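Data block below; observations after.
Remember, it's a predicted structure, so these values are computed and weren't measured experimentally. Reminder, nothing fancy here: chain letters follow the sequence lines and each chain counts from 1. Values reported hereafter were calculated over all heavy atoms of this structure, with side chains retained and with hydrogens, waters and symmetry mates removed.
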2 protein chains.
Amino acid sequence: MTDVTTAADDDAADQPTAAPDAAGADATASGEEKPRRARGEQTRQLILETALRLFRERGYAETTMRAVAKEAGVAVGNAYYYFDSKEHLIQGFYDRNQQAHRLAAQAVLDAEKDFAARLRGVLHAGIDVNQPYHSFAATFFKTAAEPSSPLSPFSRESSAAREAAIAIFRDVVEGSGAKLDPELRRELPELLWLGWMGVVLFWVYDHSPEQRRTRRLIDGAVPLIDRLVALSRLRVLRPALRQVLALIDTVRSDD
Amino acid sequence: MTDVTTAADDDAADQPTAAPDAAGADATASGEEKPRRARGEQTRQLILETALRLFRERGYAETTMRAVAKEAGVAVGNAYYYFDSKEHLIQGFYDRNQQAHRLAAQAVLDAEKDFAARLRGVLHAGIDVNQPYHSFAATFFKTAAEPSSPLSPFSRESSAAREAAIAIFRDVVEGSGAKLDPELRRELPELLWLGWMGVVLFWVYDHSPEQRRTRRLIDGAVPLIDRLVALSRLRVLRPALRQVLALIDTVRSDD
DNA sequence: GACCGTAGTTGAACACGTTCAAGAAGGTGG
DNA sequence: CCACCTTCTTGAACGTGTTCAACTACGGTC
């Protein structure tokens, strides 16, 4: 209700200190007074919410740090007290979508038992969740692509989110009745996650209306993977399978 | 104007087309419409050479447009007369390495007939060529990853370079004695190029000493692909192959 | 030779992400 | 009440990529 943040582009300047006396205004979300540390956390959230809203409204590149600060009613330097850089603000978006995917995927996994159906559902759910942010995601992807960026899906900083994502695919495999080579079973979740990264990559580059091509890619690739997984138990393919698994091991080994 | 070109001296300064008027040197294919203005081309080359040198010496991010201009002995605005942005300067690097890869690949293709050996050689040659620029390439890769960037390997602006790269892999296939399904034969070059893009992606993220993991990836993946290609003629796999080819077709179709 | 149009060139100016020294707020211990 | 420390906040300032109106040089035309 209070929603001072929506005050646009004009006044925001006259607001030197937010809630100097507390007066209970700060208790909006959580019920009770946190430890004294709550003061900064509020500002942090305010800045993050404001930034994500502006990213959504205007796009990432078009949103300046000055605009975020002004809109949030703080000094620009304050944003940098809580976030190391503009890119770091994206992490919030990142986490949020990851969680939404997890949730949407769970609904699918609760309803489906067949491996192919589970995989297909989870992949489509991932696209569903990200669909509204396609144009924004493209620019955001640019910064995530930098290997040294903490936003990279392969970075140490992302390892928690990455593990969570892989867990979804582990669930896809484990919860299905698919019979497969035990060693493959162990590696498959990570491989599927890698495939998902590939789908996301394709999606980012997909300019077709509503990203239909990505949908078709999913629909076409899933039966293929399903078939391949089934074929993996075939005698002629055993050596090839071993070869693939050995390669994965070799490549992963040291650093 | 005194003692200009503090460091840009050496080679790049005085090069071709020094005679602007003589003998219609600038035989740019188009012809009459264009007045013979080779004057600017020299400046363009000077700026490009200077920029690439500084990128190599200091890195991309650390090289400022002001430094490029100063080192080249021109005003900063002049660089923008010839190049739309700092990113556009990278295109030169891009083209040069592409050509070097083509050259190194040719040596391999002239010597080897076996499919696996050809593929392996071409991939290693690609890494060889790019090796000296690994740290620089990582940051440069960031800008290439942006879908809307003209530097993206999938962009229209890169289509010439892309076709040239695919041609290398076409040569890999055609020049080998490998027997394979005719339809696969048609698609394989582009698929191999896509795989090559994957290897590059892996390479960019590879922090192992001298990117050994990438080398191992190549050495491990090539026999695998070789085997897969050979297996593609197996009866049990024919339907799967059809499925793959159909998927590629579907995904590629409209936009 | 005078004139004009355009390719080429300039550097100040702009908006941006980011940094930093300075200070305010608010608690803690005396 | 007073120092004192930590946490939080500020806004000017820096260096960056990029733009732009003005200017120069030069070939073509009369």
Side-chain angles (χ1 to χ4, degrees), chain A residues 9 12-23 26 33-47 50-51 54-55 58-90 139 142-143 146 149, chain B residues 1 4 17 19-22 24-26 28 32-47 50-51 54-55 58-70 72-90 139-140 142-143 146 149:
Chain A
D9 55 53
D14 57 339
Q15 213 169 340
T17 60
D21 61 334
D26 58 324
E33 270 78 67
K34 296 282 173 60
R36 3 7 267 287
R37 207 44 46 94
R39 180 156 124 262
E41 194 52 35
Q42 218 179 2
T43 310
R44 183 193 180 84
Q45 287 302 325
L46 173 61
I47 292 169
T50 306
L54 293 187
F55 288 166
R58 318 179 181 176
Y60 178 71
E62 290 72 25
T63 301
T64 71
M65 290 300 280
R66 285 171 178 79
V68 171
K70 187 171 187 178
E71 196 87 339
V74 301
V76 61
N78 205 2
Y80 281 92
Y81 180 78
Y82 292 102
F83 300 92
D84 288 345
S85 74
K86 188 183 176 186
E87 292 188 14
H88 278 74
L89 282 166
I90 306 181
T139 64
K142 171 184 178 176
T143 80
E146 173 131 53
S149 166
Chain B
M1 285 289 267
V4 284
T17 67
D21 57 336
D26 57 328
T28 45
E32 72 286 86
E33 215 22 65
K34 196 94 185 274
R36 69 248 189 183
R37 306 255 169 178
R39 188 158 116 258
E41 193 54 34
Q42 222 179 359
T43 310
R44 183 194 181 86
Q45 288 301 327
L46 173 61
I47 292 170
T50 306
L54 293 187
F55 288 166
R58 318 179 181 176
Y60 178 71
E62 290 71 25
T63 302
T64 71
M65 291 299 281
R66 283 171 180 79
V68 171
K70 188 172 187 177
V74 302
V76 60
N78 204 3
Y80 282 92
Y81 180 77
Y82 292 102
F83 300 93
D84 288 345
S85 73
K86 187 182 176 186
E87 293 188 14
H88 278 74
L89 283 166
I90 305 181
T139 65
F140 139 77
K142 172 184 179 176
T143 79
E146 172 132 52
S149 167

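Nucleotide dT9(C) holds its C1' atom 10 Å from the CD1 atom of Ile47(B), rounded to whole Å. Residue Gln42(A) contributes atom CD, which lies 10 Å from atom P of dT9(D) at whole-angstrom precision. Taking atom NE2 of residue His88(A) and atom C1' of nucleotide dG17(C), one finds them 14 Å apart after rounding to whole Å.
Residue-level contact check: Tyr82(B) touches the backbone only, with heavy atoms under 4.0 Å from sugar-phosphate atoms and none from bases.
Residues meeting the ring pair (Phe, Tyr, Trp, His ring centres under 6.0 Å) test with Phe55(A), sequence neighbours left out: Tyr60(A), Phe136(A).
Judged by a 6.0 Å distance limit and a 45° cone about the ring axis, Arg44(A) is positioned over the six-membered ring of Phe83(A).
The minimum heavy-atom distance between Lys86(B) and Ala61(B), with the atom names listed, is NZ-O, 3.9 Å.
When atom types are taken as modelled, the side chain of Thr63(A) and the backbone of Leu54(A) share a donor-acceptor pair closer than 3.5 angstrom.
Within the structure, a side-chain polar atom (N or O) of Thr43(B) is placed less than 4.0 Å from OP1 or OP2 of dT9(C). A sub-4.0 Å separation between OP1 or OP2 of dT9(C) and a side-chain N or O of Tyr81(B) is absent.
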(request) If a protein heavy atom is under 4.0 Å from the base, mark B; if only from the sugar-phosphate, S; if neither, -; do that for nucleotides 13-23 of chain D going 5' to 3'. (result) B--BBBB----
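Considering OG1 of Thr50(A) and NZ of Lys70(A), their distance stands at 14.0 Å, rounded to 0.5 Å. Interatomic distance, CG of Leu46(B) versus CD of Glu41(B), reported as 11.5 Å (0.5 Å rounding).
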